[in-house]
Amino acid sequence: MGFQFKYSVVWESVPILLVGVKLTLLLTFFGLLIGFFLGTAAGLGKTSRSRILNKIAGFYIESIRGTPLMVQVMFIYFGLPMALNTRIPPLVAGAVAIALNSGAYIAEIVRGAIQSIDKGQTEAGRSIGLTRFQALLYVIWPQAFKRMIPPLGNQFIISLKDTSLLVVIGVGELTRTGQEIIAVNFRAFEVWTSVALIYLVMTLSLSKVLSFTEKKLEIRA
Amino acid sequence: MIKIKELHKSFGPLEVLKGIDLHIKPGEVVVIIGPSGSGKSTLLRCINRLEETTSGTIIVDGYDINDTSTNINFIRSETGMVFQQFNLFPHMTALRNVTLGPVKVRKVSRTEANKIGMELLVRVGLEDKANAYPDQLSGGQKQRVAIARSLALNPKVMLFDEPTSALDPELVGEVLEVMKTLATDGMTMVVVSHEMGFAREVADRAIFMDDGVVVEENTPETFFMRPQNERTKAFLRMVL
C-alpha cells in the first residue's frame, strides 16, 4: 500500500490554519514594531559617544545574540513570572520575546548603516550649524535608512519564522495550529506541507513588499 | 574677525599644528598654500571646531570657540565651510540642500527659505538646477550648490578647504568665478588652495605653511615674485 496524498485534508486544514496565521502575523507585526524601536535605540546607543549608553546597548545586544531564542522565550514566559510573582499571557510573552530578540539584531543593522555614511555628511551638517541630533535626524538617518532596508527585510523574514518557536509556550500561532490538527487526524505529511506553504507565501509576500519599498526609495539617490 | 593664538593640534603623538598665530581682518581674503601634510586643512577645521584644538585660543567674531559658554552651533552657522568633496546631502534637491540651514538653524519659514535659496542659486548660476539632485550635477555645479548652502546662513566668514582639488580641470573656473565674486562683495575668506592664479588675483594675503607652522606670509605680489624663505621658494618652484 503506497502513501496517498489526501488533498481533502489540505482543504479541511487550511481554514483552521488561517486562524493560526492571524496570530503569527500579529506576533510578527508587534514583535518587529517594538523590535525596530528597541533596535534603533540600541543601535544609536552603540554609535553614541556616551560610554554608559555604549555599554548598556552592548550588553543588551550581546546577551540576546549570545543565547538561543527558545531559551529567551521560556525565560520570559516561565522564568520571569516566577521571580516577579505574576503571570504573563503567552501572547504577550511571545511578542516581547520576538521584540527583544529582533531588536538586538536590528541594533547591529542600524549601527552598521549609520557608520557606513561618510563622515563628511555629518561635518557638512554640523558646519551649517545643525546640532548633533539635527544632523543625525535630517542628514544621516534618511541615508542610513535606505541602506538598512535589505538587511531589515532579512531580519523581518527571520522573525516571522521564529514565531513558530512560540509553540513551546502554547501560543496558538500557525505551527501550533498545525500540531493540533495532526493530533486529531494524524495526517502529518499533508498538514506540515500546508503549514510550510503558508509560511512560504507569507515570507515571499514580505520580500515582495520590501523590494518594492527599496525600489521606491532607489528612485532618488 | 579671526584671531588665532599659539594654536597647537596633535593627533595622538603626531603634532600637526605647532603654534599658529594668525589674525584675519573683516573682508580680508587669505589664501593658505603648502605641501600636503603641512597642517593647512587642520588649521581650517580648527576654526569652526570640526577638530578640537589641543591648546591655544581661537577667537571668531569675538567669541572664544573653545569656551564652554560659547554656542558652537551658532558660531558654525556664522562660519561657512566648503569642502573638497562637496559633501552635498545626496537625498535632497539642490534647493533643499541650500534651505536646510535656514529652516532648521535659523527657523525661517519654508516660503522665506525657498526665496533665500532661489536667490542664492541665481547668484551661483544654478537657478535651473534647483530641483536636481546632487547625482545629476557635475562636480563644479555641486561645489557651487555647496557654496550657496553655506551662504544661506549669511555667514561672516567663509572657509574653503581645497574647493577645486576634486574637480575636473575644465570645471575649476566656474567655482573660482563664484569665489571671486564673493571676495569682491567683501566676504571674509580663508582659502586653502593650490590655485595660484586665484591667490594672485584675489587674495589680500598669501600664507605658506609647512610642517605645522606658518613659514611665510605676504601680499600675493611679493609672495609669488620675491619669496623670502627657502622652503617657500622650493615649494613655489615645484608648483609654478
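Below, each value reflects all heavy atoms present in this structure, side chains not excepted, and no hydrogens, waters or symmetry copies. Throughout, protein chains are lettered first and strands after them, A, B, ... in sequence-line order, and every chain is numbered starting at 1. Just so you know, these numbers come straight off a predicted model, no measurement behind them.
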Minimum heavy-atom separation for [X] to [Y], with atom names?
X         : Y        : result
Gln121(A) : Pro90(B) : OE1-CD, 3.5 Å
Val139(A) : His91(B) : O-CE1, 3.4 Å
Ala124(A) : Phe83(B) : CA-CE1, 3.6 Å

Using non-hydrogen atoms and a 4.5 Å limit, figure out which bit of [X] sits close to chain A: side chain, backbone, both or neither.
X        : value
Phe74(B) : neither
Ile75(B) : neither
Arg45(B) : side chain

| message | Please evaluate residues Leu100(B) and Leu130(A) with respect to the criterion side chain to side chain contact (heavy atoms under 4.5 Å, CB included), reporting the C-alpha separation (whole Å), side-chain torsions for both, the decisive distance (0.1 Å), and the verdict. | response | CA-CA 9 Å; Leu100(B) 185 68; Leu130(A) 296 179; 3.8 Å; yes

Greater than 12 external heavy atoms within 6.0 Å of [X]'s [atom1]:
X         : atom1 : result
Phe11(B)  : CZ    : yes
Arg110(B) : CZ    : yes
Phe59(A)  : CZ    : no
Lys180(B) : NZ    : yes
Arg49(B)  : CZ    : yes
Ile52(A)  : CD1   : no

[atom1]/[X] to [atom2]/[Y] distance, rounded to the nearest 0.5 angstrom?
X         : Y         : atom1 : atom2 : answer
Ile128(A) : Arg106(B) : CD1   : CZ    : 10.0 Å
Gln134(A) : Asn73(B)  : CD    : CG    : 7.5 Å
Thr122(A) : Asn87(B)  : OG1   : CG    : 9.5 Å

| remark: Looking only at Met81(B), Lys104(B), Arg149(B), the option with the highest number of non-hydrogen pairs under 4.5 Å against chain A is Lys104(B)

